A.B. asks: 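Attaching a single structure in structure tokens format; questions to follow.
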Amino acid sequence: MPEIRYYEAVSQALAEEMTRDPRVFVLGEDVGLVGGTFRATEGLMAEFGARRVRDTPIAEAGIIGVAMGAAMTGLRPVAELMTLNFGIVAMDQIINHVSKARYMFGGQAQLPLVIRAAAGGGTQKGAQHSHSIESWFVNAPGIRVVMPSTPYDLKGLLKTAIRSEDPVLFIEHEMLYNSKGEVPDGEVLLPFGVADVKRAGRDVTIVAWSKMVHEALRAAELLAHEGIEAEVIDLRTLDPLDRDTILRSVLRTRRAVVAEEGWRTVGVGAEIASQIHEALFYELEAPVQRVAAADVPTPYAANLEKLALPDAQRIVEAVLKITL
Amino acid sequence: MTIAAADQITMYRNMVLIRRFEEGVAEAYADGFIGGFTHLYIGQEAVATGAITALNHDDYAIGTYRVHAHALVRGSTARSLMAELYGRATGVCKGKGGSMHFFDAQHYFLGGYGIVGGNLPIGVGVALSMQMQSRDAVVMNFFGDGASNQGVFHEALNMAKLWNLPVIFVCENNFYGIGTDVRTSSSFNEIHKKAQGYGIPGHVVNGMDVLAVREKCEELVRFARQGGGPVLLEARCYRYQGHSMTDAGKYRSVAEAELWKKRDPIPRLAKSMLEAGIVDAARLEAVQAEANEVVTDAMRFAEASPWPAPEALYQDVYAEDASA
Ligand SMILES: Cc1ncc(C[n+]2csc(CCOP(=O)(O)OP(=O)(O)O)c2C)c(N)n1
């Protein structure tokens, strides 16, 4: 199987879906001529023209609203928010409008709309450019939230997102764009709501998504040296959430750690830990542990940023706390 | 109106310091001392210099993520800014802000914001505060051509005019928002005329000519201070570098960049001061040497400065937090 990069998986998925379905079009800041800040839309404008690969002004609320209007009337827009940090500017459109329209209008409004955005910290971009705020969106009903960790998952999930009848927030991790992985030529479609066991193990379940999957896998390597076999579950989609895979695994391992890059308080990890406790309290050997970012705006200084953000070592510590 | 010889020399000193500072930043970035996003100001020196030197010491300035120059002209020391870029405890924001988030309360510089357009209503609020407290200070609110397409630009201008606030909007029109030409992103790209839609006088000035910028700004500051209400100045200029340190700027032609470099504001002022007999060549060289020294010293200072203490991670999140 050919190896491609995460960002290339984006353009492959987009190109294939645009070829398949003339209703699909792409819009966003610098997506066309420049080919995307992270090269994810490179080549698309040359292939599909400026009508279907639209450079927009720096106007995030406008971009999302425009995409919503187009989606309600027969098109399938893929709107790129250069990064999710700027998507906060469009929060009103996303939450007040996009996520509610189908329900609020009694099922009459169809919103086959994808919002792609890069997110994540770890490169000293400071407090306003390092957000992992998926919890804000998972908290809101009506919008799917997808966070792939590998090029393969990305391609398969993005194609599914584009074909979905629901609005989908598709969050890519900034630090994964150059990572490589095997992706078969041709059609790859992955269903939403199906987690992937990225490593099997019997002693503890580590639940992660996006970049934290890689930290979890590193942690599992380290733990293996200690004789602890960790199972690493990549959720891939946070909404819908694959509760069954999580619970089945934890029922076997009887221990769980949830690792996320977002803030700890009211994070997705809190929700998952709570669900595990609700379902499996009497099966657990220890309370579910959460690994997350420090509850502070991400600092710029390299040493402080490292302290603020979770990593493999933190996951190892959390696991050791409940396995020793 | 002519500008006093001493003021011209001050402006020359500022522009040379900015240029040298930014060159030092580029070196330090290449050497790995500075991380994250760093946006250089080389080429635009005349705008911050001409505009900010027209302010009183207790007038306010506020800007975007490209504000090294604005902070320097406002009076922040090269040491405190360079140390911030190095992420050190001695930085102007204790290493927590970084390049995009300078803030220097002592010098009436209110930031440094990474979200395009985000500073615009904030600056209007500062002006409202001046008016409500009957202080006669004005606010200089910097932004780029790209920011004029954000919703908040329109909200800010409308409120500023509605309440007749002493704010001078300074658009640094360098014709690009990252890789997008202003003609591609603005349906109407004479930004000074956008102000007219709100009943705000709009002016345009050659942003490569520091004397012209200064003269215009003196006039606008006087107007705003005397209760004339908000004004907008569009300064047409050019950034020589890519958008940020990680952008090679391939979307612009070499010929275009060369054309603008011929209009470089620094030799332009040097020439006019020499012709007017305000300075001699030796004096100009001394200014250059001094800037060199200041920046070299700042870099040494930054490198020798301590990292923020680990406890700083949780300091300054809330008012009651112990401060470093
Ligand atoms: C709300 C928001 N959207 C997108 C970005 C990414 N971004 C950073 S700078 C920039 C271009 C801004 O151009 P302009 O306002 O003209 O300022 P200039 O960089 O030319 O000084 C963009 C799109 C951002 N920081 N904030």
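Any value given below was found using the heavy atoms of this structure, including those in side chains, with hydrogens, waters and symmetry copies removed. Fair warning: this is a prediction, and the values are worked out from it, not measured in the lab.
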A.B. asks: With a 4.5 angstrom heavy-atom cut-off, could you sort out which part of A:Glu305 is near chain B: side chain, backbone, both or neither?
C.D. replies: neither
A.B. asks: Compare every heavy atom of A:Tyr300 with every heavy atom of B:Tyr86, then report the nearest pair and how far apart it is.
C.D. replies: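 Shortest heavy-atom contact: C-CE2, 4.3 Å.
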A.B. asks: Please name the pair of heavy atoms, one in A:Pro57 and one in B:Asn149, separated by the smallest distance, quoted to 0.1 Å.
C.D. replies: CB-CB, 3.8 Å
A.B. asks: Are any of the side-chain heavy atoms of A:Val34 and B:Ile178 separated by less than 4.5 Å?
C.D. replies: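 They are not in side-chain contact.
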A.B. asks: Taking every heavy-atom pair that is under 4.5 Å apart, which of B:Ser185, B:Gly87, B:Ser99, B:Pro308 has the most such pairs with chain A?
C.D. replies: B:Pro308
A.B. asks: Any idea which of B:Val116, B:Val152, B:Val182, B:Leu313 has the most non-hydrogen atom pairs under 4.5 angstrom with chain A?
C.D. replies: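 Answer, by heavy-atom pair count under 4.5 Å with chain A: B:Leu313.
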A.B. asks: Heavy-atom distances under 4.5 Å only: say whether B:Tyr65 touches chain A with side chain, backbone, both or neither.
C.D. replies: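 For B:Tyr65, there is no contact with chain A at all, as no heavy atom is under 4.5 Å.
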A.B. asks: To the nearest 0.5 angstrom, please state how far the CG atom of A:Leu304 sits from the CH2 atom of B:Trp307.
C.D. replies: 9.5 Å
A.B. asks: So which part of B:Ala309 gets closer than 4.5 Å to some heavy atom of chain A, the side chain, the backbone, both or neither?
C.D. replies: backbone
A.B. asks: Heavy-atom pairs under 4.5 Å with chain A - which of B:His101, B:Lys250, B:Arg88 has more of them than the others?
C.D. replies: B:His101
A.B. asks: Would you indicate whether the side-chain heavy atoms of A:Glu29 and B:Thr180 approach each other to under 4.5 Å?
C.D. replies: no
A.B. asks: Has A:Lys125 got its NZ or CZ under 6.0 Å from the middle of the six-membered ring of B:Phe37, at an angle within 45 degrees of the ring axis?
C.D. replies: yes
A.B. asks: Among B:Cys93, B:Gly177, B:Gly97, single out the residue with the greatest number of heavy-atom pairs under 4.5 Å to chain A.
C.D. replies: B:Gly97
A.B. asks: Side chain, backbone, both or neither: which part of A:Ala61 has a heavy atom under 4.5 Å from chain B?
C.D. replies: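 Contact with chain B: none, neither part.
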A.B. asks: For residues B:Thr184 and A:Asp55, is any side-chain donor paired with an opposing acceptor at under 3.5 Å?
C.D. replies: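 The answer is no; no qualifying pair exists.
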A.B. asks: How close do A:Asn85 and B:Ile115 get, heavy atom to heavy atom, and via which atoms?
C.D. replies: O-CD1, 4.1 Å
A.B. asks: Using every non-hydrogen atom in the two residues, find where A:Asp295 and B:Tyr314 come nearest and quote the distance to one decimal.
C.D. replies: N-CE2, 4.5 Å
A.B. asks: Which heavy atom in B:Gly146 sits nearest to a heavy atom in A:Ile58, and how many Å separate them?
C.D. replies: CA-CD1, 3.8 Å
A.B. asks: Quick one: what part of A:Leu33 sits under 4.5 Å from any heavy atom of chain B, side chain, backbone, both or neither?
C.D. replies: neither
A.B. asks: If you define the side chain from C-beta out and look only at heavy atoms, does anything of B:Met100 sit under 4.5 Å from A:Gln128?
C.D. replies: no
A.B. asks: Apply side chain to side chain contact (heavy atoms under 4.5 Å, CB included) to B:Arg300 and list each qualifying residue two or more places apart in sequence or on a separate chain.
C.D. replies: B:Thr296
